[in-house]
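Numbering of residues begins at 1 and proceeds along the displayed sequence. Values below: every heavy atom of this structure, side chains too, minus hydrogens, waters and symmetry copies. In this text, all values refer to a predicted model and were calculated from it rather than measured experimentally.
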Amino acid sequence: MTDSLVSRRAGVAVQVEGRPRRRSPLTWFVLVIAGFLALAMSSPFLLMVLNAFKTGEDYSSHGPIAWPRSFSLDAFTNYLSLVDFPVALWNSILISTAVAFGGVALGLLSAYPIGVGRIRGSGVILAALLLSTMLPHEALIYPLFYGAQATHTFNTVWSVVIVFVVLQGAFGTYLLASVMGTMPKEILEAAAMDGASRWQILWRIVLPILRPTLSVLLVFFFIWTWNEFYIPVVLLADQSAQTVPIALSTLRGQHSIDITVLNAGSLLSLLPTLVFFLIFQRTLNRGVTAGAVK
C-alpha cells in the first residue's frame, strides 16, 4: 500500500515537472525586442543577398528594397568575368591560414617565458606589446613598404604573412602571457620535480590547459586577417597576389559596374568567412567558457 502510494506521488511529480512552463508577458516582450534587434542587425546582409540576385534594370527600376522580379545569376557571372576570383580566394585562404597558425605559435612560444618563467620586466614587455597592437597601420606602412622591397618580398603573399604573423603574435603574446600568469605554481613545480623539462612542461601541461584559448585566437586571427585591407593593398600591387577584399575594391575602381555586381562580389567574399565561422562556432563557444584549471 505504501509502495503504491509513493509510486503514484512520484508519477504525479514527474508529470508536473514535465509540463512546459508558461512564459510570462515580460519574457515574450523581451523575445520580440530581441527578434527585432536581430532583424535590424541582419538587414544589411539580407539586402546584399537580395540585390545580388537582381538584374541591373530591376535594381534601377524598383530600388534596393523591392523584391526581385526574377532571380538572376547575371551579377555573379559578370563579377567572375571581371575578377580572377579563384586566385584572390586562394591568396586570402593562404594568407589567413598561415597568419592564424603562425601568430598562435609565435604568441605561445613568446608568452611562455614571460607568463610561466616570470622574467624581469615582464610588465614593461607586455605594455610594449599592447601598445604595438594599438598603433594605426598608417604609421607602419612606410617602414613595411621599404622593408618588403629590401627583402624582395614585395608583391608576394609572404610580405603580408610576415607582417601579420608579427602583429597577431604580439597580441597573442600579451593575451597568453596574462593567462599563463594566473596558472597555479604547484602544477608547474610538481612537473619540474618529476623531471619534466621546460619543453615538456610547455607541450604536456601548459598547452592542454590553453588549448581552448588557442582555438579562439586561431579563429579570430583568421577572420581578422581575411578582412585586412590597408597593408595588403599597399604590399600586394600585383593582381596575381591580391586578396579578395582588394580584388573587390579594384573592381569598383577600374570598371563601371552596377550595384548588383558589387553585391554579388561582396556576397562571394563573405561566404568563406561565414562558412569558417559556422564550422568553428562550437570550438569558439567552448573556448570562451573553457580553459579553467581543473
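Here the shortest heavy-atom pairing between S269 and V244 reads OG-CG1, 2.9 Å. L236 approaches S159 most closely through the heavy-atom pair CD2-OG, 4.1 Å. Scanning both residues, P245 and F229, for their nearest heavy atoms gives O-CE1, 4.0 Å. Scanning both residues, L94 and V157, for their nearest heavy atoms gives CD2-CG2, 4.0 Å. Across A247 and V83, no two heavy atoms sit closer than the pair CB-CG1, 3.7 Å. Among all heavy-atom pairs drawn from G107 and L176, the shortest one is C-CD1, 3.7 Å.
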Determine whether L218 and L214 satisfy the following criterion, side chain to side chain contact (heavy atoms under 4.5 Å, CB included), listing intermediate values before the conclusion. CA-CA 6 Å; L218 188 69; L214 296 178; over 6 Å; no
I would like to know whether L262 and L248 meet side chain to side chain contact (heavy atoms under 4.5 Å, CB included); could you show each step before the answer? CA-CA 8 Å; L262 191 61; L248 187 62; 4.0 Å; yes
Could you go through the side chain to side chain contact (heavy atoms under 4.5 Å, CB included) check for T151 and W158 one step at a time? CA-CA 11 Å; T151 56; W158 302 113; over 6 Å; no
L73 and F76: side chain to side chain contact (heavy atoms under 4.5 Å, CB included), yes or no, with the steps? CA-CA 5 Å; L73 298 178; F76 295 93; 4.0 Å; yes
Please assess F101 against F221 for the test ring pair (Phe, Tyr, Trp, His ring centres under 6.0 Å), listing each intermediate value before the final yes or no. CA-CA 8 Å; F101 284 96; F221 286 172; over 10 Å; no
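Panel note: side chain S92, backbone T243; no donor-acceptor pair is recorded below 3.5 Å. Of the possible polar contacts, one joining the Y112 side chain to the R198 backbone as a donor-acceptor pair under 3.5 Å is found. Between the side chain of N155 and the main chain of A241, no donor-acceptor pair closer than 3.5 Å is present. One N or O on the side chain of R69 and one on the backbone of W67 form a donor-acceptor pair closer than 3.5 Å.
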For residues 187-197, which side-chain N or O atoms pair as donor and acceptor with protein atoms under 3.5 Å away, sequence neighbours left out?
residue	atom	partner	partner atom	Å
S197	OG	Q200	N	3.4

Taking distance alone, no hydrogens or angles, what donor-acceptor pairs closer than 3.5 Å link side-chain atoms of residues 36-57 to residues at least two apart or in another chain?
residue	atom	partner	partner atom	Å
S42	OG	A38	O	2.9
S42	OG	L39	O	3.3
S43	OG	A40	O	2.7
N51	OD1	K54	NZ	3.2
N51	ND2	L47	O	3.0
K54	NZ	G63	O	2.8
K54	NZ	P64	O	3.4
K54	NZ	A66	O	2.7
T55	OG1	D58	N	3.2

Donor-acceptor list for residues 126-136 side chains, cut-off 3.5 Å, not counting sequence neighbours:
residue	atom	partner	partner atom	Å
S132	OG	L129	O	2.5
T133	OG1	L130	O	2.6

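Considering only heavy atoms from C-beta on, L140 comes within 4.5 Å of L167 through its side chain. L108 has its side chain out of reach of T173: every pair of non-hydrogen atoms, C-beta onward, lies at least 4.5 Å apart. Using a 4.5 Å heavy-atom threshold, the side chains of L80 and L268 count as touching. A 4.5 Å side-chain heavy-atom check between T260 and N78 finds every atom pair outside the cut-off. A heavy-atom distance below 4.5 Å is not found between the side chains of I93 and P272.
Residues that satisfy the side chain to side chain contact (heavy atoms under 4.5 Å, CB included) test with L278, not counting sequence neighbours, are L274, Q281. Contacts of F171 classified as ring-ring contact (aromatic ring centres under 6.0 Å, His included), with partners at least two apart in sequence or in another chain: W224. Among residues two or more places apart in sequence or in another chain, the side chain to side chain contact (heavy atoms under 4.5 Å, CB included) test is passed with S96 by F222, T225, W226.
Counting non-hydrogen atoms of neighbouring residues, nucleotides and ligands closer than 6.0 angstrom, the OH atom of Y174 reaches no more than 12 such neighbours. For CZ of F29, the number of neighbouring non-hydrogen atoms (other residues, nucleotides, ligands) closer than 6.0 Å is 12 at most. Around CD1 of I33, the count of heavy atoms belonging to other residues, nucleotides or ligands within 6.0 Å exceeds 12. No more than 12 heavy-atom neighbours from other residues, nucleotides or ligands sit within 6.0 angstrom of OH on Y146. When the shell of 6.0 Å around CZ of F71 is examined, it contains more than 12 heavy atoms from other residues, nucleotides or ligands.
A continuous path of Ile, Leu, Val, Met, Phe, Trp and Tyr side chains, each step under 4.5 Å between heavy atoms, connects I209 with L109, placing both in one hydrophobic cluster. Hydrophobic clustering keeps V216 apart from L106 (ILVMFWY residues linked when any side-chain heavy atoms are closer than 4.5 Å, directly or through intermediates).
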